[in-house]
Amino acid sequence: GEDVEQSLFLSVREGDSSVINCTYTDSSSTYLYWYKQEPGAGLQLLTYIFSNMDMKQDQRLTVLLNKKDKHLSLRIADTQTGDSAIYFCAESRGQGNLIFGKGTKLSVKP
Amino acid sequence: SAVISQKPSRDICQRGTSLTIQCQVDSQVTMMFWYRQQPGQSLTLIATANQGSEATYESGFVIDKFPISRPNLTFSTLTVSNMSPEDSSIYLCSVDPGLNNEQFFGPGTRLTVL
């Protein structure tokens with residue numbers, strides 16, 4: 001199976017919360033990342049979490065990490081149309097080798 | 001954060017030719033990397049561009065096909081050699097400035113091989 005798995009699509013209404021889930025396989029991963037890719041653009045680093053943490057909050061973004069289940073989630077509060085993008089989860093294998101999921105396409109309906 | 005630029009932003013090339021992609025960073029960084037994003041797929045690390053020595057390639061990628069240069073701490077090139085349609089991808093440069101374990105990506109080069 002894939003090293004990092006994400007559901008491919010998520011659709012929410014503007015103003016609702018979005019929760020994007022990710023599972024990974026390498027329990028030795030030290031950092032886990034969330035990136036955002038808008039159409040035709042590069043990857044924007046949104047946030048990351050160290051493996052000894054279970055939660056990190058940054059404005060509208062909340063990252064939850066369940067290390068026992070190797071499950072990572074990204075919650076976006078008060079989702080806006082500008083949040084429509086593909087969101088990639090990635091785990092660090094060290095020395096710059098990030099293992100990416102296939103990305104979750106978030107669609108925000110007005 | 002680091003500001004990364006890539007040239008060209010996109011190109012359409014003929015089979016059998018080669019293309020060199022440039023990556024420029026606005027500050028000196030130790031770690032620079034090249035990734036590939038095939039259509040509809042996630043990103044895959046091609047190699048680590050080492051300053052002053054040969055690049056370190058990941059499994060499935062070889063120097064003859066993807067030669068890399070790293071002449072200094074702010075610049076790197078990736079060449080895609082003897083291209084085939086299977087090389088059609090987005091190629092992204094990435095850097096780790098060494099602070100806070102953040103890794104930043106350039107805007108990518110969208111390559112189409114006919």
Side-chain angles (χ1 to χ4, degrees), chain A residues 1-9 20-26 28-53 56 58 61 63 65 72 85-106, chain B residues 1-10 21 23-25 29-51 55-61 68 70 76 89-110 112:
Chain A
E2 297 288 334
D3 291 304
V4 178
E5 293 193 359
Q6 304 176 236
S7 53
L8 295 182
F9 301 99
I20 303 171
N21 294 301
C22 170
T23 57
Y24 61 98
T25 57
D26 189 352
S28 66
S29 293
T30 50
Y31 289 89
L32 296 127
Y33 299 82
W34 284 104
Y35 286 87
K36 177 183 180 183
Q37 187 177 39
E38 294 181 86
L43 283 161
Q44 175 193 354
L45 176 62
L46 283 179
T47 187
Y48 64 95
I49 189 167
F50 187 48
S51 60
N52 70 351
M53 298 169 66
K56 181 178 180 181
D58 183 1
L61 305 179
V63 178
L65 174 61
L72 183 73
I86 299 176
Y87 291 81
F88 289 93
C89 167
E91 60 172 339
S92 172
R93 296 281 173 90
Q95 300 301 310
N97 190 359
L98 298 186
I99 307 299
F100 284 82
K102 289 193 173 182
T104 300
K105 184 173 183 179
L106 174 64
Chain B
S1 67
V3 177
I4 307 166
S5 60
Q6 287 186 232
K7 288 184 190 178
S9 58
R10 59 178 62 228
I21 302 167
C23 176
Q24 180 76 53
V25 191
V29 294
T30 307
M31 309 288 279
M32 288 182 81
F33 312 94
W34 287 98
Y35 282 79
R36 179 175 74 182
Q37 184 180 19
Q38 293 178 298
Q41 301 297 315
S42 60
L43 284 80
T44 303
L45 179 64
I46 296 172
T48 302
N50 301 308
Q51 197 265 328
T56 306
Y57 289 84
E58 297 299 309
S59 176
F61 298 98
I68 287 170
R70 178 90 193 270
S76 177
S89 292
I90 299 173
Y91 292 86
L92 299 107
C93 172
S94 173
V95 304
D96 180 349
L99 303 170
N100 302 321
N101 293 285
E102 295 172 323
Q103 192 162 332
F104 300 100
F105 285 79
T109 296
R110 185 179 294 269
T112 303

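The figures here come from the full heavy-atom set of this structure, side chains too, leaving out hydrogens, waters and symmetry mates.
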Among the options G101(A), G103(A), S92(A), pick out the one with the most heavy-atom pairs lying under 4.5 Å from chain B.
->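 Of the options given, most contacts go to G101(A).
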Find the distance between [atom1] ([X]) and [atom2] ([Y]) and round it off to the nearest 0.5 Å.
X	Y	atom1	atom2	value
Q103(B)	Y31(A)	CD	OH	12.5 Å
S94(B)	N97(A)	OG	CG	10.5 Å
F104(B)	Q44(A)	CZ	CD	10.5 Å

Would you say the side chain of Y35(B) lies within less than 4.5 Å of the side chain of L98(A), judging by non-hydrogen atoms?
->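 Touching, per the 4.5 Å side-chain cut-off.
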Around K105(A), counting heavy atoms of other residues, nucleotides and ligands shown, do more than 12 lie under 6.0 Å from its NZ?
->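 Atom NZ in K105(A) is not crowded, with 12 or fewer foreign heavy atoms closer than 6.0 Å.
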Sequence neighbours left out, what passes side chain to side chain contact (heavy atoms under 4.5 Å, CB included) with R110(B)? Give chain and number order.
->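 Result, side chain to side chain contact (heavy atoms under 4.5 Å, CB included) vs R110(B): R10(B), I90(B).
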N50(B): side chain to side chain contact (heavy atoms under 4.5 Å, CB included) partners, not counting sequence neighbours |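 Residues passing side chain to side chain contact (heavy atoms under 4.5 Å, CB included) with N50(B): T48(B), S53(B), T56(B).
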Chain A interface, residue from I4(B), D96(B), L43(B) that has the most non-hydrogen pairs under 4.5 Å =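 Option with the top pair count is L43(B).
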Where does [X] contact chain B at under 4.5 Å (heavy atoms): side chain, backbone, both or neither?
X	answer
Q37(A)	side chain
F50(A)	neither
L45(A)	side chain

Side chain / backbone / both / neither for E58(B) at chain A, heavy atoms under 4.5 Å | side chain
Heavy-atom pair of closest approach, residues F100(A) and S42(B) = O-OG, 3.5 Å
